[in-house]
Amino acid sequence: MFSGRILFDLVLLSLAATGAFQASRMSGFGQIGPGGFPMAIMGLGVLVMLVILAQDLRRAARPQSAPDEDQPAGVSLKQAGGMAGVALLLALYIAALEPLGFIAATLGFLFIVTLLSTWLLDPPARPGGWGRVALGAAIFAVLATLLSFYAFTKGFGLVFP
Amino acid sequence: MDILLDAALMVADLRVLLALLAGTLLGLIMGSLPGLTAAMAIALLIPLTFGLGPITGMGLLLGAFCGAIAGGAVPALLLNIPGTPSSVCTTLDGFPMVRQGRAGEALGLAISASFVGGVIGALFLILLAPPIARFALAFGPAEFLALGVFGIVIIASVSSGSVLRGIAAGLLGLAFSTVGADPMTGMLRFTADQPALITGIGLLPALIGLFAVGQVFQDILERAGIPPDATVTQDFNSARVPWRTLFKSWKVMSVSTLIGVIVGAIPGAGGSISSFLSYDQARRMSDTPEMFGTGHPEGVIASESSNNATAGGALIPMLTLGVPGEVATAVLMGGLTIQGVRPGPGLFEQQAVLFYGILIAFLMANVVMFVTQLLGIRLFIRILKVPPRLLMPLILMFCAIGVYGVNGAVFELWLMFGFGVLGFFLNRYGFGTAPVILGLILGSLMESNLRRGLLVFGGDWSQFFLRPISAVLLVLASVFLCLVVVQARRKAE
């Protein structure tokens with residue numbers, strides 16, 4: 001019953017409802033105060049999401065006699081885990097950018113994400129191939145990081161940590 | 001006629017042509033990298049113009065302007081990552097074309113449509129700048145609000161999936177636009193006590209997050225465990241201008257270019273709005289509207305010809321009225337001012353040769369952009385030969401550089417990450433991400449003009465419907481909304 005789609009609908013619905021409630025408490029002068037426009041938008045959002053949620057619940061309750069083309073394809077543990085892993089690494093990269101500096105953080109990020117992407121998308125045929133993959137990932141990470149750093153700082157004048 | 005001739009002679013200088021070439025190349029590179037915009041490209045080049053004369057300096061900046069707008073189409077088509085906000089619409093049909101192995105055709109269409117739209121926009125600029133400027137001056141709060149409402153209807157119309165989900169995504173974008181300090185009273189809204197949110201949610205982190213980061217997450221999810229040989233093979237030999245398709249689509253190109261010039265001339269409207277309006281119009285004119293969103297060539301033609309024509313249109317209020325049409329032209333104005341040239345009504349009267357020289361330089365910039373892109377088309381396509389396991393980490397790195405490089409704010413990187421996760425789920429469950437961006441752009445335009453209008457009209461709502469331009473736009477919006485509802489019902493049946 002509570003598929004990912006319905007959970008997402010509920011998240012959007014609750015965000016819209018919370019926003020509409022907060023907007024209704026905003027006061028101001030003039031005919032439309034600071035809360036008027038957001039309240040109208042989020043109120044409309046609540047209505048739209050209620051309709052969408054009702055449609056999705058009806059669809060979920062139907063017997064699965066025909067394939068539902070709107071339903072996203074199922075995912076394996078490897079797919080979901082891989083995607084979550086990349087997301088986590090991106091979050092760690094952002095957190096480490098200022099403490100470690102651009103070069104160190106980017107080197108580490110590129111190296112690890114390249115290894116993870118290789119495992120997910122194009123793993124080597126032989127178990128011994130991982131040594132070459134790791135070396136390739138290291139070279140790629142160093143070259144990409146240094147080229148980007150010097151191109152953007154010396155070439156475009158950007159300032160990195 | 002003598003003025004035009006003198007202006008042409010001013011531009012026909014080797015230094016000006018070299019400046020145009022250098023600016024275009026740099027603009028193409030900056031526009032192609034997600035996160036680096038036309039405004040940034042121009043801002044970085046301004047210091048280089050100090051020692052150059054006005055025409056040479058403007059040649060450098062105009063080349064960057066044209067190059068960046070056109071360059072934004074490359075990642076939009078090949079990676080579903082718009083290089084600039086005005087390329088968002090190009091992803092709707094361009095990326096499906098690439099997924100079908102038609103990358104060469106998609107790039108050829110984008111490059112040539114950009115050129116035609118840009119040149120026609122430049123010609124409009126040269127011939128009709130003063131009357132278009134007068135029309136743009138007629139836009140007040142009521143007209144801007146009506147334009148925003150029209151844009152909202154377009155959101156529903158371009159949603160390739162469920163119309164209702166597209167509207168929900170658009171409303172989400174409108175809601176995001178209300179975060180930050182209220183434009184009229186300064187009251188803080190939905191900032192969660194974060195000082196970085198006082199200025200609101202930036203368009204760049206949202207755009208990069210929703211499209212680039214979300215796309216990388218989606219690609220990893222879809223491709224994980226699939227052998228690389230099973231992916232689509234590209235026809236690299238098709239990387240050339242498809243003149244026959246362009247000639248057959250002359251109506252779409254003409255209408256899209258006209259929309260681009262007019263919308264570009266309206267201060268604050270920009271390439272994103274014009275490309276969506278043109279895309280929607282192209283869909284309505286098409287014999288196969290149901291194919292839009294699945295790789296229809298006219299979807300790419302409409303978007304790219306429009307956004308390059310907008311670049312020319314945006315120069316009209318800048319040069320004739322001293323009012324920038326959008327962010328990049330605001331920075332361009334800065335470049336002109338540094339050269340001792342004051343844009344405005346006086347420029348045309350007192351320095352007519354320089355005025356037309358700038359317009360001719362813009363026309364030349366479009367030609368240089370076309371030639372450089374044609375020469376580089378086979379190089380662009382090589383991006384697709386980079387293995388995804390290397391391309392995806394690179395894309396994420398460039399996204400972080402692009403977002404961090406603008407303000408040096410880690411909070412914006414977190415915003416980008418959050419929008420990336422949101423974009424992944426929005427795409428997965430059929431809501432789409434393009435409506436969110438359009439809502440984010442239109443939201444501040446609509447709210448500030450609604451409230452400003454009510455102040456100006458003394459609280460009289462009828463004024464929004466009685467002014468001619470706003471009345472026409474609102475009637476059109478109502479008609480389009482009815483058509484959208486009818487089409488959605490037919491699709492459901």
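Residue numbers start from 1 in every chain, and the chains themselves are labelled A, B, ... in the order their sequence lines are given, proteins ahead of strands.
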Problem - Side-chain heavy-atom pair Leu164(B), Gln55(A) within 4.5 angstrom cut-off - result: yes

Exercise for the section: Give the member of Leu172(B), Leu426(B), Val179(B) that has the highest number of heavy-atom pairs under 4.5 Å with chain A. Expected result: Leu426(B)

Handout entry: Beyond-backbone contact of Leu116(A) with Arg389(B), side-chain heavy atoms, under 4.5 angstrom
Key = no

Handout entry: Spacing of Phe37(A) atom CZ and Thr178(B) atom OG1 [to the nearest 0.5 Å]
Key = 8.0 Å

Problem - chain A contact via Val421(B) - side chain, backbone, both or neither, heavy atoms under 4.5 Å - result: neither

Handout entry: Residue that, paired with Leu12(A), satisfies side chain to side chain contact (heavy atoms under 4.5 Å, CB included) out of Tyr429(B), Phe431(B), Phe425(B)
Key = Phe431(B)

Practice task
Ignoring hydrogens and angles, tell me if any N or O in the side chain of Arg189(B) forms a donor-acceptor pair with the backbone of Pro34(A) under 3.5 Å.
Solution key: yes

Exercise for the section: State, with a plain yes or no, whether a side-chain heavy atom of Glu447(B) is found less than 4.5 Å away from one of Ile41(A). Expected result: no

Handout entry: Toward chain A, the part of Ala400(B) with a non-hydrogen atom under 4.5 Å
Key = side chain

Problem - Shortest non-hydrogen separation from Pro38(A) to Phe190(B) and the atoms involved - result: CB-CE1, 3.8 Å

Handout entry: Gap separating the CG atom of Leu110(A) from the CG atom of Leu396(B), nearest 0.5 angstrom
Key = 9.0 Å

Practice task
Kindly say whether Leu221(B) contributes a backbone atom to a donor-acceptor pair with the side chain of Gln79(A) at under 3.5 angstrom?
Solution key: yes

Problem - Contacting region of Phe217(B) [heavy-atom separation from chain A under 4.5 Å] - result: both

Problem - Interatomic spacing from CD in Glu222(B) to CE in Met83(A) - rounded to 0.5 Å - result: 11.5 Å

Practice task
Could you tell me which residues in residues 101-108 of chain A have at least one non-hydrogen atom under 4.5 Å from a non-hydrogen atom of chain B, sorted by residue number?
Solution key: Phe102(A), Thr106(A)

Exercise for the section: Assess whether side-chain contact (heavy atoms from CB on, under 4.5 Å) is satisfied between Val113(A) and Met392(B), documenting all intermediate values. Expected result: CA-CA 9 Å; Val113(A) 174; Met392(B) 288 178 196; over 6 Å; no

Handout entry: Choice from Val48(A), Val11(A), Asp9(A) maximising heavy atom contacts with chain B below 4.5 Å
Key = Val48(A)

Fill in the blank from the handout: Closest heavy-atom pair, Glu98(A) versus Gly408(B), reported as atoms and distance to 0.1 Å, is OE2-O, 4.0 Å

Handout entry: Heavy-atom side-chain proximity of Ile401(B) to Ser148(A) below 4.5 angstrom
Key = yes

Handout entry: Validation row: Phe398(B), Phe152(A) side chains within 4.5 angstrom (heavy atoms)
Key = yes

Exercise for the section: Side-chain contact test, heavy atoms from C-beta onward, threshold under 4.5 Å: evaluate it for Arg428(B) versus Phe8(A) and give yes or no. Expected result: no

Exercise for the section: Go through Pro161(A), Gly45(A), Ala144(A) and name the one with the most non-hydrogen pairs under 4.5 angstrom from chain B. Expected result: Pro161(A)

Practice task
Name the region of Ile94(A), side chain, backbone, both or neither, that has any atom closer than 4.5 Å to a heavy atom of chain B.
Solution key: both

Completion exercise
Output for pair (Met26(A) CE, Leu188(B) CG), nearest 0.5 Å, gives 9.5 Å

Fill in the blank from the handout: Correct closest heavy-atom pair for Phe417(B) and Leu90(A) would be CD1-CD2, 3.7 Å

Practice task
Using a 4.5 Å cut-off on heavy atoms from C-beta on, say whether the side chain of Pro393(B) contacts that of Ser117(A).
Solution key: yes

Problem - Glu412(B): salt bridge (Lys or Arg N to Asp or Glu O under 4.0 Å) partners, not counting sequence neighbours - result: none

Handout entry: Which of Ala16(A), Ala91(A), Ala141(A) touches chain B most, by non-hydrogen pairs under 4.5 Å
Key = Ala91(A)

Handout entry: Leu77(A) CG: over 12 foreign heavy atoms closer than 6.0 Å
Key = no

Handout entry: Heavy-atom contact with chain B under 4.5 Å, split by part of Ala95(A)
Key = both

